[in-house]
Amino acid sequence: MTHDDKLKHYIIPNYGRYDVWPVRGEGARVWDRDGKEYLDFAGGVAVCPLGHCHPAVVKAITQQASTLIHVSNWYCIDKQADLAEVLTEKVVRIPGKNFFCNSGAEANEGLLKLARRYGVTVRGVAKPKIITFTNSFHGRTLGAMFATEQKKIWGDFGFTPDELGYIHLPFNDVAALEKTINENADVVAILVEPIQGESGVNAVTPEFLRTAQRLCREKNVLLLLDEVQCSFGRAGEMAGWRAIIPGDEIQPDGVSWAKAIGSGYPLGAFWVRDVALPGKDGKLCDLLGPGSHGTTYGGSPLACAVGLATVNTILDENLCEHANQIGAHVASIARGWQHPLLKEVRQLGLFIGFELEAAKVDAVSNGRPASIFVARKLLDAGMMTVPAGPNVVRWLPPLNITQAEADEGLRIFKSVLDLLS
Ligand SMILES: *Cc1c(COP(=O)(O)O)cnc(C)c1O
């Protein structure tokens, strides 16, 4: 059987895959099995902040793999302690503690469990409610998928979000948030992406984030940030929310990570703030005590070694600053085109959403969503990007791309847009 036949026969068809078979990668480039070269500005959906096969990542994997790959969390893991320190001191920069898991959905599950525990044991709420927002994406597990406000993700699975304790509110609607928190004493947490990725690079407004924090403090509600996609330099800051409000004004109670943290090696984590519990002894960061949560794989020596190499390289090579420079260059060139097929360019660091003039693309796309159609054309032209929602093409290139690579991406992108207009 060919690989194509095996894929048809043996792989569950839950993905609408492009018919491209990548077999090798280096930096910002990938080659498929026919030897065709691609400029990879998808990066496995924001998973490869250093590009493919970065020497620091390869070295961390090979060295740790030949030393100790895995031990259980029944024992103490030095690399886990080291990575936790970096996350607290260099990424969040607010006192707190970390838990390691394997993916973004799992990291969010941890925060959701923390919020429910907090609701039941600290706030005395029997059925805690958690607020999430329109067009959010929090992952595919039973908790995270109902937190996700997208019916295509949670529909036909036998629950409603309400039954599982979620309230979905309009993103960036300050009045709706204020009203809901004031009228609903069972709300124990807000979970929000500072920059929504899957919906097309849409940032929270500073006003919304400030209001959310104020309401959370007033009502003993936890402010939880899903930073699975927007952190580690993607938006030009180690912590994504600082791309919205710089400095230390925002002090989240919990933060979740995955994607870039492991350069493609499965790793997720969440951080919990070191803060006293309201009206109780103890601290929020110690609420998940023995028996309350766990994982078999999470935080293995190998995963944490890769995480350390990735995060330290981003820090050591000043890739936040570089991402801001190259990202601003890309946005200014693309806006300068004033292209009839481009409605808007949304850019924070190298987190870039190109919103298409959907009606114009739809006229030529044979019924396919504009974003998927254009991403396919880009692939044919030798460039990987990621559709986000129906109308946005997203660029998530390595944070260390050169200006020449960015310019090459711009040339390919413009030539495809020109061809379609
Ligand atoms: C990708 C993503 C997730 C889910 O991560 P998985 O590793 O696929 O479980 C959650 N939240 C956000 C914001 C994401 O972008």
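Ligands are counted one by one from 1 in listed order, and the atoms in each one are counted from 1 as well.
- In summary, the atoms of ligand 1 found under 4.0 Å from a heavy atom of S103, numbered by their order in the structure, are 7 (O), 9 (O).
- The aromatic ring centres of Y38 and W31 sit 6.0 Å or more apart.
- Ligand-side atoms of ligand 1 in range of A105: 4 (C), 5 (O), 6 (P), 9 (O), range being under 4.0 angstrom from any heavy atom.
- Checking atom 8 (O) of ligand 1 against the protein gives no heavy-atom contact under 4.0 Å.
- Protein heavy atom in closest approach to atom 11 (N) of ligand 1: D226 OD2, 2.8 Å.
- For the residue pair S371 and G389, the shortest heavy atom distance occurs at OG-O, 2.7 Å.
- The protein heavy atom nearest to atom 5 (O) of ligand 1 is G104 CA, 3.3 Å.
- Atom 2 (C) of ligand 1 has as its closest protein heavy atom K259 NZ, 2.5 Å.
- Geometrically, R394 does not engage F413 in a cation-pi contact, judged by NZ or CZ lying under 6.0 Å from the ring centre and within 45° of the ring axis.
- The one candidate from T148, D226, T132 that meets the side chain to side chain donor-acceptor pair (under 3.5 Å) condition with H138 is D226.
- Using a 4.0 Å cut-off between charged side-chain N and carboxylate O, R335 and E344 make no salt bridge.
- Here's the thing with G139: none of its N/O atoms is less than 3.5 angstrom from an N/O atom of ligand 1.
- Partners of I333 under the side chain to side chain contact (heavy atoms under 4.5 Å, CB included) rule, at least two apart in sequence or in another chain, are H329, W337, L410.
- Taking only nitrogen or oxygen atoms, main chain and side chain alike, Q229 reaches within less than 3.5 Å of ligand 1.
- The distance from ligand 1 to the heavy atoms of E193 drops below 4.0 Å at these ligand atoms: 13 (C).
- Contact atoms of ligand 1 toward N108: 10 (C), 11 (N) (distance under 4.0 Å to a heavy atom of the residue).
- Contacts with ligand 1 closer than 4.0 Å are made by backbone heavy atoms (N, CA, C, O) of H138 only, the side chain lying farther away.
- Residue V45 does not touch ligand 1, judged by heavy-atom distances below 4.0 Å.
- A 6.0 Å sphere centred on CD of E26 holds no more than 12 heavy atoms belonging to other residues, nucleotides or ligands.
- Residues that satisfy the side-chain hydrogen bond (donor to acceptor under 3.5 Å, both in side chains) test with K113, not counting sequence neighbours, are H293.
- Here the heavy atom of the protein found nearest to atom 12 (C) of ligand 1 is F137 O, 3.3 Å.
- A distance-only check finds no donor-acceptor pair linking the side chain of T385 to the backbone of A42 [under 3.5 Å].
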